[in-house]
Amino acid sequence: FEIRSKADAEDLAYKIKLQVVHSRFVNTIANCQTLDEGLRQNPDDLMNLVGAAGVVFCENHKLTCFGKTPPAEMIPDLLEWVEQQIGKNAVYSTNTLVTNYPKLATYQDIASGLLALQISRSQQTYLLWFRTEVIQTVSWGGNPQKQIVVDADNNSRLVPRKSFEIWKETVRLKSLPWKTSEIEAALELRSRIVVILLQKADELALLNTELERSNMELDSFAYVASHDLREPLRGIHNYATFLIEDYGDKLGEDGAHKLTTLMRLTQRMEDLINSLLHYSRFGRSELILQPVDLGNVVEDVLTVIKISQPALTEFRISRPLPTVQCDQTQITELFTNLINNAIQYNDRKQKWVEIGYILPEETHQSLPKSLDFLQTIFFVRDNGIGIRSKHLEAIFKIFKRLHPASKYIGGTGAGLTISKKIVERHGGNIDVESVFGEGSTFYFTLRQPI
Ligand code: ADP
């Protein structure tokens, strides 16, 4: 009875210690941006929480190891096995890991015990705690005749030398068993982490809504400002025209030249304002999603383009484009921008523009990483002048042009900004690959239900 109460007292003290570690640890995670960062801050607490000698944190196939753990390259296989053991539960524990999972046999000293906690199956988020073999764990007493051993409840006892040998055999390849309080501590940690993650997701959602709202406000601002600026600008332009017409001969050459410059500048300003107006319209107008045959869209776009650029460019479409869920007007604008650029920024005698797509099963390593490889990736490729890699990011910014208007026909530098907006409103991504002097490929995705 006395021993029982001593064990109870020890157990209680241990539980209290776990509580302290737990709250300190949860505090740390709550104050960090990501779970990974939080766990890194205090790996000792993470191990003490369940009395482990090592821990591995896995998130989306990314591993972070602390303390005594098997090498990282052994973990993915182990995780697959753990997933089967866990089944529908959140936790799996064993103190005979190497017997159950012989692949780790060579690591029996550090991985005899495993406590695995599943935080999220879909995100592949796990914590794996490891315990060393009991023989490594126990600190030997000084008395050669008596040795300390640990019983199934983790309580230490002194035993005579002979029975120590027998004991050693019985605990071979085993770690100390995981106590109920330790498994509970792991489960408690899991529910706290889930709450914290949900809070963070909520904060993010709120931030996104705010961002969306301020984007909308910016669009309305751009719309109103550009709309209202057009009228006085027209006025300036008209008055300059009247001046030239009515007083041109009195102004002299210098005066006439200045007025012509004034008119050219107002014209340029009007072009910019019109682009801004056009751009802000794309942010404000509602998306009308319906099945659209992209083959027809491209055919229409090419028909219009060929009217102004007869027969100078070869258009290559190697297989019929699919039908996708999108806003027809906006996608027509997107293809118009990309194909027009492909023709305009091209000095060759034999220009060609290829329009095609890559299915998820056909994706390859060399494609830009920003694209979602689970979606169909559309592309417009040309053999034009190409873009230097230092400019690749800038071209999507509004009014950014790489050449003076006199060199290539081009526009105001809003085309790609609008294209990016269209793609993003469709839940997709746009990116470019280019070799200066050889040609460019613009890739984009439009998110479709998988
Ligand atoms: P613009 O209206 O001037 O064509 P864009 O936003 O469409 O503006 O493009 C921005 C700049 O990116 C262009 O001025 C041009 O320098 C460069 N660019 C766009 N497409 C291509 C292309 N296919 N090949 C080479 N350069 C390109």
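Ligands are counted one by one from 1 in listed order, and the atoms in each one are counted from 1 as well.
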Legend entry - I288 atom CD1: more than 12 heavy-atom contacts under 6.0 Å: no

Inset, instruction - May I ask you to check whether over 12 heavy atoms, not counting those of R425, lie within 6.0 Å of atom CZ? - result: yes

Legend entry - Any donor-acceptor N or O pair under 3.5 Å, side chains N100, T94: yes

Inset, instruction - Take W81 and Y92 through the test ring pair (Phe, Tyr, Trp, His ring centres under 6.0 Å) and record every step on the way to the result. - result: CA-CA 11 Å; W81 178 81; Y92 166 76; 5.6 Å; yes

Legend entry - Side-chain touch F315/I339, heavy atoms, less than 4.5 angstrom: yes

Inset, instruction - Identify, chain by chain and in numerical order, each protein residue with a heavy atom under 4.0 Å from an atom of ligand 1. - result: N341, A342, Y345, D382, I385, G386, I387, I395, K400, R401, L402, H403, G411, T412, G413, A414, G415, L416, S440, F442

Inset, instruction - Report yes or no: do D271 and Q267 form a side-chain donor-acceptor pair below 3.5 Å? - result: yes

